[in-house]
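Written out below as structure tokens is the structure these notes cover.
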Amino acid sequence: MFGLDRLTTLGRSGRTHGARAVVTGAGSGIGRAFALKIAARGGQVICADIDEARADETVALIKGTHPGAAHAFRCDVARREDVELLARFADTLFQRPVSLVINNAGVGIGGKPVGRIGFDDWQWALEINLWGVVHGCEIFAPRLRAVGRGGIINVASAAGFAAAPSMAAYNVSKAGVLSLSETMAAELSGSGVAVTVLCPTFVRTNVARDGRITKESAQLADFLMRWTGFSPERVARTALDAHDRGHLYVLPQLDAHIVWLLKRHFPARYTYVLGLLDRLLPQADSTSTGSAPVTDKTGV
């Protein structure tokens, strides 16, 4: 006799069900939620993270209900060599090509205008948020294309199109991920490999506390995440379901849709209002909340 959960998945052939998956930044936040959801959908998942202890924690959570479905792997996505090792580990572990890649690892940075960000922070943000995704796509896309079935989910952010002031390094990195995903969707069209780009706004993670974010911006982000943010589980589920349906864009929250439409229909007014809000908000000092690279993920 079928249970309700069995009935809801009966007949599904979506890419996220029974997947052989790699998730970067799987040690916390959205990445951990992705890993848990994939295991719950009958898949196997490699939980990659720069913090091996966090990756082990995710694996332990999965093993409690899905023994053998998860494996930890230490990976700094900013290092191409690490991502190449991750791909070889996946080939060896699965004994078959990977079928789902989720490029999720990312860091938060913000609170300073262009000219005060500093080249070290620019490089740090782009190496992880943009080059980390580039590495994942460049290395795994040929494997997926050769099989002719599978998918890639890139975690960007509504920041990639919202263009909020004092967030240039973050905005640029996420705009790059958005553009990369759109380009790959065209290149892989008809190949059997789907591409989805996730663009959330605020998600309840620890990125505002762990990233390179000024004190004032971190406090504002924490407040907005606490009161308006979606849970990582909800965002991950929405993205996986959208990927199964073949959607390119996933904007899980209403405010992301509103920003998307306002910017396109009223670009001049949108920019003016953003500038006005930026002048009204308290100006940030030069203090960062942290400098260690983390692999959690949020939206704007």
Checklist entry - Are Val134 and Val193 connected in the hydrophobic side-chain network, where two residues link if heavy atoms are under 4.5 Å apart? => result yes

Next on the checklist: Please give me the minimum heavy-atom distance between Val155 and Val177, naming the atom from each residue.
Outcome noted: O-CG1, 4.1 Å

Checklist outcome for this item: Distance col, row Asp255:CG vs Trp260:CH2, nearest 0.5 angstrom, shows 14.0 Å

Checklist entry - Counting N and O atoms only, with roles assigned by atom type, does the side chain of Ser179 sit under 3.5 Å from a partner on the main chain of Gly176, one being a donor and the other an acceptor? => result no

Checklist entry - Do you know the tightest heavy-atom contact between Ile62 and Cys47? => result CD1-SG, 4.2 Å

Next on the checklist: Test your reading of the model: is there a side-chain donor-acceptor pair from Arg54 to the backbone of Ser28, 3.5 Å cut-off?
Outcome noted: no

Checklist entry - Asp278 and Ser166: which non-hydrogen atoms are nearest, and at how many Å? => result OD1-OG, 3.7 Å

Checklist entry - In terms of hydrophobic clustering (I, L, V, M, F, W, Y; side-chain heavy atoms under 4.5 Å; direct or indirect links), are Val195 and Val147 co-clustered? => result no

Next on the checklist: With rounding to the nearest 0.5 angstrom, report the CD1 to CG distance, Ile152 to Asn103.
Outcome noted: 7.0 Å

Checklist entry - Hey, does Asp49 have a side-chain heavy atom less than 4.5 Å from the side chain of Arg74? => result no

Item to check | same_hphob_cluster(Leu254, Leu262) at 4.5 Å side-chain heavy-atom cutoff | outcome: yes

Next on the checklist: Is the shortest side-chain heavy-atom distance between Pro200 and Gln253 below 4.5 Å?
Outcome noted: yes

Item to check | Arg234 backbone acceptor or donor facing Ser231 side chain under 3.5 Å | outcome: yes

Checklist entry - Mind checking whether Val172 and Leu126 have side chains closer than 4.5 Å, heavy atoms only? => result yes

Checklist entry - Is the backbone N or O of Lys174 less than 3.5 Å from a side-chain atom of Asn129, with the two atoms forming a donor-acceptor pair by type? => result no

Item to check | Polar side-chain atom of Asn104 near backbone of Gly25 as donor-acceptor pair, under 3.5 Å | outcome: yes

Next on the checklist: So Met184 and Cys137, do their side chains get closer than 4.5 Å, heavy atoms only?
Outcome noted: yes

Checklist entry - Roughly how far, to the nearest 0.5 Å, is the CG atom of Asn171 from the CG atom of Leu178? => result 12.0 Å

Checklist outcome for this item: Closest heavy-atom pair, Thr238 versus Pro252, reported as atoms and distance to 0.1 Å, is CG2-CB, 4.2 Å

Item to check | Chi angles and distances behind the side-chain contact (heavy atoms from CB on, under 4.5 Å) call for Val45, Val22 | outcome: CA-CA 6 Å; Val45 58; Val22 170; over 6 Å; no

Checklist outcome for this item: Minimal heavy-atom distance between Ala168 and Ile117, with the atoms involved, is CB-CD1, 3.9 Å

Next on the checklist: Can you tell me if Arg80 has over 12 outside heavy atoms packed within less than 6.0 Å of its CZ?
Outcome noted: no

Checklist entry - Under 3.5 Å, is there a donor-acceptor pair between the side chain of Arg20 and the main chain of Pro97? => result yes

Next on the checklist: Is there a side-chain contact (heavy atoms from CB on, under 4.5 Å) between Arg41 and Asp244? Walk through the geometry before answering.
Outcome noted: CA-CA 12 Å; Arg41 295 178 183 213; Asp244 280 342; 3.5 Å; yes

Item to check | Residue pair Leu251, Phe161: steps toward the side-chain contact (heavy atoms from CB on, under 4.5 Å) verdict | outcome: CA-CA 12 Å; Leu251 282 64; Phe161 54 82; 3.9 Å; yes

Checklist entry - Is the backbone N or O of Gly150 less than 3.5 Å from a side-chain atom of Arg15, with the two atoms forming a donor-acceptor pair by type? => result yes

Next on the checklist: I want to check something: taking the side chain as every heavy atom from C-beta on, are Arg245 and Asp241 in contact at a cut-off of under 4.5 Å?
Outcome noted: yes

Next on the checklist: Any non-hydrogen side-chain atom of Ile38 less than 4.5 Å from a side-chain atom of Val23?
Outcome noted: yes

Checklist entry - Which pairs with one or both residues in residues 184-198 pass side-chain hydrogen bond (donor to acceptor under 3.5 Å, both in side chains), sequence neighbours excluded? => result Thr196-His243

Next on the checklist: For the backbone of Ala26 and the side chain of Thr58, can you confirm whether one donor and one acceptor N or O come within less than 3.5 Å of each other?
Outcome noted: yes

Next on the checklist: Contact between Val197 and Cys199 at the side-chain level, heavy atoms closer than 4.5 Å - yes or no?
Outcome noted: yes

Item to check | From CA spacing to verdict: side-chain contact (heavy atoms from CB on, under 4.5 Å), Tyr272, Leu277 | outcome: CA-CA 9 Å; Tyr272 173 78; Leu277 289 173; over 6 Å; no

Output a table of donor-acceptor pairs, distance under 3.5 Å, between side-chain atoms of residues 82-90 and any protein atom two or more places apart or on a different chain; print 'none' if there are none.
{"unit_1": "Asp82", "atom_1": "OD1", "unit_2": "Arg79", "atom_2": "NE", "d": "3.3"}
{"unit_1": "Asp82", "atom_1": "OD2", "unit_2": "Asp76", "atom_2": "N", "d": "2.9"}

Checklist entry - Judged by atom type as modelled, is there a donor-acceptor pair below 3.5 Å linking the side chain of Asn154 to the main-chain atoms of Ser181? => result no

Next on the checklist: So that I can tick it off, tell me whether Asp91 and Arg96 are bridged by a salt bridge, with the cut-off set at under 4.0 angstrom between side-chain N and carboxylate O.
Outcome noted: no

Next on the checklist: Using 0.5 Å steps for rounding, measure from the CD atom of Gln44 to the OG atom of Ser99.
Outcome noted: 9.5 Å

Checklist entry - If we only count heavy atoms from C-beta on, is the His135 to Val77 side-chain gap below 4.5 Å? => result no

Checklist entry - Which pairs, with at least one residue in residues 259-275 and sequence neighbours excluded, count as a salt bridge (charged side-chain N to carboxylate O under 4.0 Å, His left out)? => result none

Next on the checklist: Nearest 0.5 Å, please: how far is NE2 in His71 from CG in Asp56?
Outcome noted: 12.5 Å

Checklist entry - Val59, Ile102: one ILVMFWY side-chain cluster at the under-4.5 Å cut-off? => result no

Checklist outcome for this item: One should read off an interatomic distance between Thr271 OG1 and Leu276 CG, to the nearest 0.5 angstrom, of 12.5 Å

Checklist entry - Should we say atom CD of Glu138 is surrounded by more than 12 heavy atoms from elsewhere, each under 6.0 Å from it? => result no

Checklist outcome for this item: Between Leu248 and Ala185 the two heavy atoms that sit nearest each other are CD1-CB, 3.8 Å

